[in-house]
*Asks:* 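First, the structure itself, so that you have it in front of you.
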Amino acid sequence: MIPSIHKQGSSTLGLLNYLYGKGTREEHVDPHLVASFDDMAPDPGRDPSATKEDLQRLLDQPLHLLDADQRPDQHVWHCSVRAARTDRILSDEEWGDITRRIVAATGIDSGGPDDAGCRWAAVRHADDHIHIIATLVREDGRRPDHHRSGQRAQTEARLIEADYDLHRVTPGDGTAAKRPTSAERHKAERQGRERTVREELRETVRGASAGAASTDEFFDRLAADGLLIRKRIAPSGDLLGYRVALPGDRNKEDEPVFYAGSTLAPDLSLPRIRERWSLQAEAVSEGGPEPVQPALPQVTHPAFARRRAAAASWQALLIIDHGDDGMAAAQIAAASEVLDALAKTSAAHTRAQLREAAFVFERASRSHIRAARGHDHALRQAAHDLVHSGPALGRGEDGATTAMVIDMAIFLAIAAANWHAKKHHSQQAAAAQQAAEHLRTAYQAAAARPIATLRQRGQRMAPRIRERQADLLHQALPELAERIQAEPGWPALAATLTDARQAGHDPAALLTDAARRRELGSADSISDVLVWRLRRSAHLPAAAPESLQTAGTRDGQHIPTPASATPPAAQASNHSSRRH
């Protein structure tokens, strides 16, 4: 159940005309009162002899206790209360009781026999919500104490949900982005938009800010994405802020509807976006308690960028698990930039799910714990590289490294969810878990072909080679070996172990290290996770090109591509992933 306190108004009759009207799309059905301050207010919806003017005069009567110059200009208090879509339809009597609890909790009218509260009425014109209108002058002429009425209404709504066995809304902490208004939702429906303009702009601005290194780069990206931009300039010439609009979103005067960055999300104001790179530069120049990685070489290949993102995500996991709160918050915020960048550069078959993952994870990127910016450099650099390396083709090394980084992003989202849960950040934890589910779906699409190719190679290996790899698995991971061998992905892991041995690595040591760094029991497919960890840490090509399948064998064992045939991006990534 969601109560929303709307902007205070100056016309009681104007709001009543809306509440008892047909609605902007004639969606208002049977408008009528469900409760009022004295339960005797006239109801223009059900009583033919009552008018909206009668109800307005009754509600505004306390205003006349004050001299004209003492009457508040914005005296109309308006609160809507909406049930969840999955909730049962409540009766008028139940909505009336809910209304009384909301006005009491918010300080509008405590309901006590000796308390001179405000006058109010609740109108229902749909099955799933009501509107409460009140005059912000008490019966004794004093003003009500309705400070923080929104937060107080939310607290009461949680109790109402429990008492009425309704959908339990996850409590927030005031760091969420502003929800679209009903008018914005209706406009999106009329225009056939999947999301409201506010949500589209938020997604686009977040994508433009992902990994950006300067104000100019940020605005260049906004312009390249087709947004209209208005900059707020001080008399001194300093840039103070910005507003953005979609070219096709117009008001009644056919003018673009602009939104300030701060109204899209708290962390999208210009000062907050600048903070990302200003503090990063400060950390690089002054140092800090945690060494900050220097700038890495320019990335020109999508596969290289994805390998680097996987390595940075691995490092971020360790910081979230073992770093202080500020550093963990910074990693989670920067992880949101990586997801935005992945969604922006993803291939068609993974794009929808990666967009959804980035869209929902943004809620997990904000909390009251201040991020220690500057120590998130590796992830921010990874986001920058993903954007500047361009879109991945979704096949070959690009497709396989996409699966690799999505696999790591799933663990990153789960780590963020666990961290938020420990801090009792319920909304953020739920958002991170939801993002992990979208990432799992994206992973299945991205990994299907490269894993299938590796499985085929593993299935064609000579029996004695498969037995050798099974013995090695039992030696390195005795507690997980039987489960791994029962998975469909075991042949792919066996092929990867063979590749690692041929490349001069100790497969047992790689396995032990991959399992030691982070638990594996919660993975959907342990073998898949180990495939990507081993191929990254051993600097093996992520993909197994079709040509490799017939390149040759020795004792029934596949001969990997020589170093000269390894994609340049994979070779160049060695220095950035060696310690991870």
Side-chain angles (χ1 to χ4, degrees), residues 210-211 267 275-277 279-284 286-296 305-342 357-358 361-386 404-423 425 428-429 431-433 435-436 439 513-520 522-523 529 532-533 536-537 573 575-580:
D267 56 343
E275 187 179 77
R276 302 179 190 179
W277 54 75
L279 286 181
Q280 177 172 303
E282 179 182 336
V284 171
E286 298 181 4
E290 179 86 7
V292 179
Q293 291 188 2
L296 298 175
R306 278 154 175 73
R307 277 183 171 271
R308 182 176 289 175
S313 298
W314 181 260
Q315 180 186 27
L317 281 171
L318 302 179
I319 295 175
I320 292 171
D321 286 345
H322 306 295
D324 62 34
D325 286 349
M327 293 171 64
Q331 299 299 323
I332 293 171
S336 184
E337 294 189 56
V338 171
L339 291 181
D340 287 326
L342 269 178
F361 190 82
E362 68 93 18
R363 180 65 191 97
S365 67
R366 292 186 304 275
S367 71
H368 285 300
I369 296 177
R370 184 174 178 81
R373 291 292 189 181
H375 304 289
D376 53 358
H377 174 65
L379 280 179
R380 297 208 69 252
Q381 179 75 44
H384 179 274
D385 293 346
L386 287 168
M404 179 186 291
V405 72
I406 294 175
D407 174 73
M408 191 59 67
I410 294 171
F411 281 93
L412 196 55
I414 293 172
N418 292 339
W419 185 82
H420 279 303
K422 291 177 182 177
K423 304 298 178 185
H425 302 161
Q428 291 91 332
Q433 286 285 6
L439 288 169
D513 184 64
R516 177 180 59 82
R517 294 274 184 133
R518 190 168 181 84
E519 63 86 22
L520 293 166
S522 61
V529 171
W532 301 125
R533 290 187 187 179
R536 179 177 57 81
S537 60
S573 67
H575 76 281
S576 65
S577 61
R578 187 175 303 277
R579 68 171 177 271
H580 306 306

*Asks:* Determine, stepwise, if the pair Arg307 / Val405 fulfils side-chain contact (heavy atoms from CB on, under 4.5 Å).
*Replies:* CA-CA 7 Å; Arg307 277 183 171 271; Val405 72; over 6 Å; no

*Asks:* What's the shortest heavy-atom distance between Ala330 and Ala372, and which atoms?
*Replies:* CB-O, 3.5 Å

*Asks:* Which of these, Ile406, Leu439, Leu386, Leu412, sits in a side-chain contact (heavy atoms from CB on, under 4.5 Å) with Leu339?
*Replies:* Leu439

*Asks:* Among all residues two or more places apart in sequence or in another chain, which pass the salt bridge (Lys or Arg N to Asp or Glu O under 4.0 Å) test with Arg366?
*Replies:* Asp267, Glu362

*Asks:* What distance do Gln428 atom CD and His368 atom NE2 have between them, rounded to the nearest 0.5 Å?
*Replies:* 8.5 Å

*Asks:* For the atom pair CD1 (Ile320) and OG (Ser313), what is the distance rounded to the nearest 0.5 Å?
*Replies:* 9.0 Å

*Asks:* With no hydrogens and no angle check, is any side-chain donor or acceptor of His420 less than 3.5 Å from a backbone partner on Ala364?
*Replies:* yes

*Asks:* List the residues meeting side chain to side chain donor-acceptor pair (under 3.5 Å) with Gln331, not counting sequence neighbours, and say none if there are none.
*Replies:* none

*Asks:* Is there side-chain contact between Trp419 and Asp321, with heavy atoms separated by less than 4.5 Å?
*Replies:* no

*Asks:* Under a 3.5 Å distance rule, please check whether Arg533 uses its side chain to pair with a backbone N or O of Ala514 as donor and acceptor.
*Replies:* yes

*Asks:* Rounded to the nearest 0.5 Å, how far does CD of Glu337 lie from CD1 of Ile332?
*Replies:* 13.5 Å

*Asks:* Do Arg306 and Met404 come within less than 4.5 Å of each other through their side chains, counting heavy atoms only?
*Replies:* no

*Asks:* Going by the rule side chain to side chain donor-acceptor pair (under 3.5 Å), which residues pair with Trp532 if we only count those two or more places apart in sequence or in a different chain?
*Replies:* Tyr443

*Asks:* Could you tell me which non-hydrogen atom of Ala383 sits nearest to which non-hydrogen atom of Ala341, and how far apart they are?
*Replies:* O-CB, 3.6 Å

*Asks:* Using side chain to side chain donor-acceptor pair (under 3.5 Å) as the criterion, list what pairs up with Ser336, not counting sequence neighbours.
*Replies:* Arg206

*Asks:* Would a distance-only check, ignoring hydrogens and angles, find a side-chain to backbone donor-acceptor pair under 3.5 Å from Asp376 to Leu379?
*Replies:* no

*Asks:* Who pairs with Asp325 by salt bridge (Lys or Arg N to Asp or Glu O under 4.0 Å), at least two apart in sequence or on another chain?
*Replies:* Lys423

*Asks:* According to side chain to side chain contact (heavy atoms under 4.5 Å, CB included), who are the partners of Ala333, at least two apart in sequence or on a separate chain?
*Replies:* Arg373

